[in-house]
Amino acid sequence: MENTEKKPKILIIYTGGTIGMVETPNGLQPFDFSHLMDNVPKVGMLGYDIESVQFPQPIDSSNMNPSYWNQIVKDIADRYDEFDGFVVLHGTDTMAYTASALSFMLRNLRKPVVITGSQLPIGDVREDGTENLISALQVAAAKDADGNPMIQEVVISFQDYIVRGCRSTKFTSTGFHAFKSFNYPTLGQIDLHITYNEPYLMRHDVQLPLQPFYSMDSNILVMWLYPGITEDVVKAQLATPGIKAVILRTFGAGNAPTEQWFLDALADAVSRGLIIYNVTQCLNGGDEQKRYYTGDMLAKAGVISGYDITVEAAVTKMMYLLGSGLSKEQIVQYLTTSLVGEMTVE
Ligand code: ASP
């Protein structure tokens with residue numbers, strides 16, 4: 001009998017990174033993704049309908065920036081209705097930033113956007129790229145019991161796990177299992193079978209058309225605190241021309257020095273209109289500004305709590321809100337609201 005089931009239709013967007021490289025006489029070089037089947041013939045065994053696009057010049061993801069994010073968003077938005085899912089191949093170094101950025105920029109996303117890459121190139125004898133690519137394609141094609149996409153958000157699928165994009169962090173530069181979500185359960189497990197942690201997947205009550213966003217504003221500063229940081233260093237950073245917001249990397253549960261010069265410098269920055277967002281240096285847990293006197297002093301100086309948000313999500317959420325043409329009051333309100341599942345607000 002003829003199989004009438006529709007083949008999953010997936011668009012691969014190759015941005016660069018180790019995954020798409022092969023050994024050539026001149027060293028590791030990106031391969032042409034229009035020849036994907038020649039380089040990764042196993043992909044054909046999935047029986048999917050796959051198309052691919054690639055950056056004209058594939059990049060090392062250390063060069064990622066908002067204009068490349070715009071390109072990825074456009075590639076998805078332009079062909080959103082045509083495909084069941086999207087797989088973005090990306091270097092691992094800034095993958096968690098891109099996963100976070102796309103979570104905010106692809107507003108009303110209802111289809112899977114699965115980002116993956118690899119620690120070793122597909123062209124190496126021993127490598128993790130083929131498996132990561134094939135798993136990502138399967139995740140992008142997966143349906144739930146009602147026939148809807150299993151994944152309706154941006155995720156990273158890497159080695160054994162599927163994690164929410166805006167909760168992800170690269171935590172090892174050498175291990176194959178490179179990404180973790182420290183503050184939110186993993187969305188799925190890739191072992192003999194691919195299983196999904198369904199209660200934690202993003203689900204939407206209303207279906208809205210995709211609304212791509214292209215105006216990230218990167219006039220921000222990330223200020224990392226450490227014992228002994230000097231007044232000059234703090235003041236020079238807070239006086240950086242053009243910045244509109246500061247991600248303050250604090251200690252533990254969102255704490256910082258209570259020396260008067262420090263609190264005054266923050267209060268002065270806030271009175272000049274800067275938005276200061278408290279994001280702990282700890283990978284696990286988050287800030288509870290009211291828990292300790294040292295954190296409470298920050299709240300009194302006008303610093304806004306980022307709860308358990310990752311720095312990657314904080315940076316990209318700030319760029320998104322600053323670029324949205326909102327008032328300062330609205331930005332502050334959204335910073336303490338979970339927009340796409342990026343933080344746990346009690
Ligand atoms: N430096 C590379 C990149 O992020 C590493 C990788 O591909 O994983 O593009």
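Order of listing sets the numbers, starting from 1, for every ligand and every atom in it.
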Side-chain donor-acceptor pairs under 3.5 Å in residues 222-243, sequence neighbours left out?
unit_1, atom_1, unit_2, atom_2, d
Thr230, OG1, Val233, N, 3.3
Glu231, OE2, Lys235, NZ, 2.7
Thr240, OG1, Gln237, O, 2.5

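- For Asp268, the salt bridge (Lys or Arg N to Asp or Glu O under 4.0 Å) test picks out Arg272, with sequence neighbours left out.
- Taking both residues in full, the closest heavy atoms of Arg79 and Leu11 are given as NH1-CD1, 4.0 Å, listed atom of the first, atom of the second, then distance.
- The ring of Phe55 has its center closer than 6.0 angstrom to the ring center of Tyr68.
- Other cluster members for Val125: none, since no ILVMFWY side-chain heavy atom sits under 4.5 Å from it.
- No cation-pi contact links Lys317 to Phe104, judged by a cut-off of 6.0 Å to the six-membered ring centre and 45° from its axis.
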Write none if no such pair exists; otherwise list each N/O atom of ligand 1 with its protein N/O partner under 3.5 Å and the distance.
unit_1, atom_1, unit_2, atom_2, d
ligand 1, 1 (N), Asp60, OD1, 3.1
ligand 1, 1 (N), Asp60, OD2, 2.9
ligand 1, 1 (N), Asp93, OD2, 2.8
ligand 1, 4 (O), Ser61, OG, 2.5
ligand 1, 4 (O), Thr92, N, 3.3
ligand 1, 4 (O), Asp93, N, 3.0
ligand 1, 4 (O), Asp93, OD2, 3.4
ligand 1, 7 (O), Thr18, N, 2.7
ligand 1, 7 (O), Thr18, OG1, 2.7
ligand 1, 8 (O), Thr92, N, 2.9
ligand 1, 8 (O), Thr92, OG1, 2.4
ligand 1, 8 (O), Ser118, O, 3.4
ligand 1, 9 (O), Asp60, OD1, 3.4
ligand 1, 9 (O), Ser61, N, 2.7
ligand 1, 9 (O), Ser61, OG, 3.4

